[in-house]
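Only a predicted model underlies this, so the values are computations on that prediction, with no experimental measurement involved. Quick note on labels: first sequence line is chain A, next is B, and so on, each numbered from 1.
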Amino acid sequence: MYSNGYIFRYAGILVIVVAAVLSTTALVLKPFQDKNDAVDKMQSILVAAGFEGVTAQNAIELFNKNVSNMMVIDPEGNVVDDFTGEGKEKSKAFGLNLKEELYKKSVQKPFELPLYVVQKEGQKIYIVPMRGVGLWGPIWGNMALKDDFKTVVGVTFGHKSETPGLGAEIATPIFTTQFPGKTIFDSNDKFVSVSVVKGGIANQPAEKQPHMVDAISGGTITSNGVSEMLKNVLESYEPFIKKQS
Amino acid sequence: MSAVKQEKEPLFSSKNVKLLTSPLNMSNPITVQVLGICSALAVTAKMKPAFVMAISVIAVTALANFIISLMRNGIPPRIRIIVQLVVIALLVIVVDQFLKAFVYDVSKQLSVFVGLIITNCILMGRLEAFAMSNKPWPSLLDGLGNGFGYGMILLLVGFVRELFGSGTVWGFHVIPQSFYELGYKNNGFMILPPMALILIGIIIWIQRARNPQLIED
């Protein structure tokens, strides 16, 4: 028979040992994981801009070849930092923590946002990185806009732990191929974002259809999260976009 | 010292070898014990994620069995389940971290299912039924055996689903282009989880047809 004291000591020591093992593993593997994350971010940006055949192996090379500017802008639409040199993964824009910046936005503090410029077939494509919340955890993505800052060229989404087969479908082509050609400003140049709607966009008024995509059945909360993320992030770029035209 | 000193058992005695091999067939965790079905349906659309999942489960079952068996005499029975869970969770998180560091793309495909190894019934089942009452070495073998039994079915299902669903094996195209030109199409149904359930059903059917002693009355 084990005494209560023994049980408490046993549980306490076990937990401390386990915690030590876990933190050591996390610390040792962190550099490898960070590199993977950076490469994944580059891949996602390039795929959003419409590049094909981007793999983990050639992502860094393609990224440095095709991305011309790594800009940081503020909510008033001023360019704070514009990096054009080599080694773009070390630029301020690439290192900006979107989660923290969007948190600062939500508590009305000054914040900064990254904007990447990709050169593709002689055209400038602007990439807006995004971050928001899904059902179980964070969701993120990149939206590529034409140089009119209005038309969507492509989009990629990622997520930490959305339900496979339901919410996780936002990362699949079934969902993302709906976005190219959509517009984030209406015909009066008013910001409308792109919303994810239930019930089929074909049933919506025709003038709204260029700003809508179909939601995922069974993934309502994730779909709403995508809508919310697009609106929240893109609206912060509106002053910058207004200044360009 | 006890007078009747037990004769030291060889490492691979027939009893120990049986621990390793019987889960491959007569006590297969998936087809006979019907454990771990959820992940078997989810990660078998392609062989590569199925293989990584199998390796992960083998590592976790073997190590969890081994560690729990080493600890078995000190674990207070009243908190034994939570102790087992802590050990399993520790191993699963370590495996997940390794996958994220070294096979990032596969870890993205496996997404939540690596975390769900924690709830894989094979693990708790083997810890309770075997590791708590056996020595470390047989426990390690039992863990390995059950992991292999699980992995074998996963790869088999993954092979069939990838071959007919995508026309590839391990990512390489094996169905010649001329077949497609003649009108052959990949079976989209194979990609969906229900087909994995049907395939596992067929495997169970074949296995029971060949081994009448597995058939319940």
Side-chain angles (χ1 to χ4, degrees), chain A residues 1-44 54-57 59 134-137 156-169 171-172 174, chain B residues 38-39 41-45 49 53 59 63-64 67-68 70-116 118 171 188 191-196:
Chain A
M1 199 54 207
Y2 296 95
S3 70
N4 285 345
Y6 177 85
I7 292 177
F8 276 110
R9 278 200 304 281
Y10 193 92
I13 292 168
L14 179 76
V15 169
I16 290 167
V17 170
V18 166
V21 173
L22 283 183
S23 29
T24 316
T25 321
L27 278 177
V28 171
L29 296 177
K30 189 106 205 321
F32 298 99
Q33 294 172 351
D34 286 348
K35 180 157 182 276
N36 287 334
D37 280 338
V39 168
D40 189 57
K41 198 166 154 184
M42 291 177 190
Q43 268 182 291
S44 175
V54 188
T55 64
Q57 284 74 39
L135 172 59
W136 305 114
T156 49
F157 292 112
H159 61 92
K160 180 147 193 294
S161 45
E162 297 309 297
T163 321
L166 302 175
E169 296 288 300
T172 62
I174 298 165
Chain B
C38 169
S39 54
L41 304 189
V43 300
T44 50
M53 184 71 175
L63 286 172
I67 293 172
I68 287 292
L70 280 178
M71 293 163 64
R72 71 185 188 284
N73 294 326
I75 300 176
R78 272 189 281 169
I79 58 163
R80 68 176 197 287
I81 301 283
I82 201 78
V83 170
Q84 291 166 9
L85 269 179
V86 168
V87 171
I88 295 171
L90 165 78
L91 292 168
V92 169
I93 295 170
V94 169
V95 165
D96 192 29
Q97 297 282 327
F98 268 93
L99 294 182
K100 280 208 182 97
F102 300 112
V103 275
Y104 190 78
D105 52 329
V106 180
S107 110
K108 269 205 315 195
Q109 284 175 50
L110 292 174
S111 67
V112 295
F113 292 104
V114 174
L116 286 179
I118 296 175
I191 302 287
L192 302 172
M195 201 58 210

Identify the heavy atoms of [X] and [Y] that sit nearest to each other, and give their distance.
X: B:Phe102; Y: A:Asn36; value: N-ND2, 4.3 Å
X: B:Gly74; Y: A:Tyr10; value: O-CE1, 3.3 Å
X: B:Phe98; Y: A:Leu29; value: N-CD1, 3.8 Å
X: A:Tyr2; Y: B:Pro76; value: CD1-CA, 3.7 Å

Within a 6.0 Å radius of atom [atom1] on [X], are there more than 12 heavy atoms belonging to other residues, nucleotides or ligands?
X: A:Phe32; atom1: CZ; result: no
X: B:Ile82; atom1: CD1; result: no
X: A:Lys41; atom1: NZ; result: yes

- Heavy-atom distance under 4.5 Å to chain B: side chain of A:Asp37, backbone, both or neither? both
- Message: Quick check for you: to the nearest 0.5 Å, what is the distance between B:Arg78 atom CZ and A:Tyr6 atom OH?
- Response: 12.5 Å
- Nearest 0.5 Å, what's the CD1-CD1 distance between B:Ile75 and A:Ile7?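 The CD1 atom of B:Ile75 sits 12.0 Å away from the CD1 atom of A:Ile7.
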- May I ask you to name which of B:Ile79, B:Val94, B:Val83, B:Leu90 has the most heavy-atom pairs under 4.5 Å with chain A?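 Looking at each option in turn, the highest pair count goes to B:Leu90.
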- Item | Residues in salt bridge (Lys or Arg N to Asp or Glu O under 4.0 Å) contact with B:Lys100, at least two apart in sequence or another chain |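 B:Asp96.
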